[in-house]
Amino acid sequence: KLTMFLFEMEERGVLVDINALEEAETFYKEEYKRKEAFLRKLAGKKDFNPLSPKQVADFLKGRINVPVTLKGNPSTSSSALLPFINMPEVEAILTCRKTVKMLSSYCQEFRERLDDNNCIHPNYLQAGTKTGRLSCKEPNLQNLPRSEGFYLPIRKMLVSREGYRTFSVDYKGIELRVAAGLAKDDKVIKLFVEGKDPHAYVQRVLGLGEGKTGRSVAKNLNFGILYGASVSRLSLMIEAAEKGLPAAMGKTTRTASAEYREKANDLLSRWRALFPGIANYVAALKRNLYYKGYVENPLGRRHYLPMKLCYKALNFVVQGTAADIAKLGMIYVDDVFKEHGGGNLLLQIHDEVVVEIEEDRVDELLPLVKDALVASGRKVFPYLPIEVDVEELRRRGEVGRLKLVEFNQKFRREVGLAESLEARFTLTRSRCGKLPIVKMDFSLGNRAIVGNLVGLVAPYSLPQTNADILRN
């Protein structure tokens with residue numbers, strides 16, 4: 001059954017808005033040019049290439065302590081540079097790499113694979129990952145970035161077909177819920193039953209501090225343990241959270257400081273004492289792996305691992321179970337559409353299912369889709385509350401009226417924003433999905449820029465009704 005509707009999803013494809021594609025290309029090309037000009041000015045070379053590892057190594061020499069590889073050569077990989085991302089020149093280099101990736105992996109790839117109806121048709125692989133997650137290629141939509149900040153233009157390229165509305169239905173915190181369900185950890189299950197946030201709970205009970213920093217440490221701790229992170233990696237993740245650096249810094253080869261290793265050890269011990277059910281379940285998984293050579297999830301999926309990789313056991317079982325729940329949910333959703341008509345499955349991106357529903361049947365079918373996805377989780381864990389979040393994606397022709405690149409240039413001209421202060425403008429939507437919201441990110445310091453934003457935004461705003469304004 002899964003094979004049949006995956007084939008139908010491939011055949012149906014996903015509609016790409018050509019105008020949004022062109023806007024994304026313009027946005028990333030302009031972003032690359034600005035960063036390149038900034039770096040060339042700093043380097044004092046008109047031909048400086050921010051994508052050349054050798055030129056980057058020479059440029060950064062003396063500016064930062066460039067890490068070296070095992071062969072003694074300077075390393076300029078993204079993971080090696082992440083700890084220095086707060087430096088303008090490093091941030092500019094990494095942004096250049098990201099823009100090139102967005103242009104090649106998405107803009108160019110989408111253009112090459114468009115059919116006559118401006119649709120792309122990804123090829124789904126059922127056995128493409130060790131954990132059981134679906135994967136896809138040509139193009140790879142599993143790595144589609146989230147619709148926020150720098151990556152917003154990519155998601156905007158995918159739009160609804162005429163007469164349909166498109167919704168992303170995402171399992172909420174599914175991996176933490178699965179871990180609690182597998183371990184039957186009463187404490188974690190109680191948090192979900194009472195509708196509490198486990199990250200906030202860990203932040204408060206372990207005394208990780210207030211605000212975003214404490215929450216980031218709590219999230220890195222929770223997910224780091226689920227993903228089998230070592231003490232060394234956890235210490236890097238905690239350091240990244242406290243210093244406001246990307247969580248990916250935990251994947252670097254840099255050695256953690258003794259201070260953060262000690263802190264990670266202490267937090268790990270206290271976390272295990274806080275959630276003994278999960279800690280005991282991990283120990284049981286390792287015993288099973290030692291005697292049987294594999295670990296198994298409730299649906300019978302087995303993961304064969306050597307003992308030296310036993311730290312990955314929990315990650316394999318949790319991700320595999322979450323993947324099976326998502327697949328089962330897709331089967332249930334497909335049954336809904338087969339029985340009632342009026343909708344189709346479009347995409348599956350790990351814990352997120354994207355569906356299209358006829359405009360006049362949304363109120364009837366969307367609750368059934370949500371119930372179907374919740375039911376798949378409850379089938380595996382009847383005692384665990386399963387929740388889903390719903391977000392409506394763009395309709396065709398909605399975007400293009402607020403042009404981010406043009407807005408960026410106009411704002412810079414009117415308030416005299418210096419090129420040295422890197423500002424990024426992104427467009428999000430209000431909860432009712434009608435009014436545009438402009439978000440500004442400043443990557444250098446906390447300088448306040450005062451300008452007539454209302455006057456600047458107005459020429460690019462979407463049509464609004466009085467009811468829309470009142471709702472906001």
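These values consider heavy atoms only, across backbone and side chains, with no hydrogens, waters or symmetry-generated copies.
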Using a cut-off of 6.0 Å, state whether more than 12 heavy atoms not belonging to [X] lie near its atom [atom1].
X	atom1	value
Lys219	NZ	no
Arg272	CZ	no
Glu194	CD	yes
Asp115	CG	yes
Phe7	CZ	no
Lys187	NZ	yes

What I'd like to find out is whether the side chain of [X] reaches to under 4.5 Å of the side chain of [Y], using heavy atoms alone.
X	Y	value
Phe5	Val333	no
Phe381	Ile189	no
Val317	Thr321	yes
Met102	Ile154	yes
Val369	Val353	no
Tyr106	Met157	yes
Leu15	Ser160	no
Arg161	Arg12	yes

Distance (rounded to the nearest 0.5 Å) between [X] [atom1] and [Y] [atom2]:
X	Y	atom1	atom2	value
Ser216	Leu221	OG	CG	12.0 Å
Ile93	Ile85	CD1	CD1	11.0 Å
Ile225	Leu314	CD1	CG	9.5 Å
Leu182	Leu384	CG	CG	9.5 Å
Asn220	Leu267	CG	CG	11.0 Å
Ile174	Glu387	CD1	CD	10.5 Å

Who passes side-chain hydrogen bond (donor to acceptor under 3.5 Å, both in side chains) against [X], sequence neighbours left out?
X	result
Gln203	none
Glu25	Arg111
Glu112	Gln108

Counting N and O atoms only, with roles assigned by atom type, does the side chain of [X] sit under 3.5 Å from a partner on the main chain of [Y], one being a donor and the other an acceptor?
X	Y	answer
Lys35	Pro50	no
Asn315	Gly228	no
Glu10	Tyr124	yes
Arg133	Ala322	no
Asn344	Leu346	no

Pair listing, ring-ring contact (aromatic ring centres under 6.0 Å, His included) test, anchored in residues 194-217, at least two apart =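 Output for this query lists His199-Phe223.
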
Mind jotting down which residue pairs meet the ring-ring contact (aromatic ring centres under 6.0 Å, His included) criterion with at least one end in residues 315-362? Sequence neighbours excluded, please.
->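 Found His303-Phe316.
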
Is there a donor in the side chain of Ser168 and an acceptor in the side chain of Glu352, or the other way round, less than 3.5 Å apart?
->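 Result is yes, a qualifying pair exists.
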
Side-chain donor-acceptor contact under 3.5 Å, Gln126 with Thr3 =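 Yes - a donor-acceptor pair under 3.5 Å links their side chains.
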
[X] and [Y]: which non-hydrogen atoms are nearest, and at how many Å?
X	Y	value
Tyr164	Gly342	CE2-O, 4.4 Å
Val295	Ala313	CG1-CB, 4.1 Å
Leu141	Pro122	CD1-CG, 3.8 Å

Under 6.0 Å between the ring centres of Tyr28 and Tyr151?
->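 Ring centres of Tyr151 and Tyr28 not closer than 6.0 Å.
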
Under the side chain to side chain donor-acceptor pair (under 3.5 Å) criterion, do Thr26 and Glu30 qualify, and how do the steps go?
-> CA-CA 6 Å; Thr26 303; Glu30 288 287 329; over 6 Å; no

Name of the residue among Ile331, Ile386, Ile325 meeting side chain to side chain contact (heavy atoms under 4.5 Å, CB included) with Ser376 =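 Exactly one pass, corresponding to Ile325.
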
Using a strict cut-off of less than 4.0 Å between a Lys/Arg side-chain nitrogen and an Asp/Glu carboxylate oxygen, indicate whether Glu36 and Lys33 qualify as a salt bridge.
->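 Judged by the 4.0 Å cut-off on N to carboxylate O distance, Glu36 and Lys33 do not form a salt bridge.
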
With sequence neighbours left out, which residue pairs that include part of residues 329-345 fulfil the salt bridge (Lys or Arg N to Asp or Glu O under 4.0 Å) condition?
->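 As it turns out, the salt bridge (Lys or Arg N to Asp or Glu O under 4.0 Å) pairs with a partner in residues 329-345, which skip direct neighbours, are Lys1-Asp335, Glu8-Lys338, Asp334-Lys338.
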
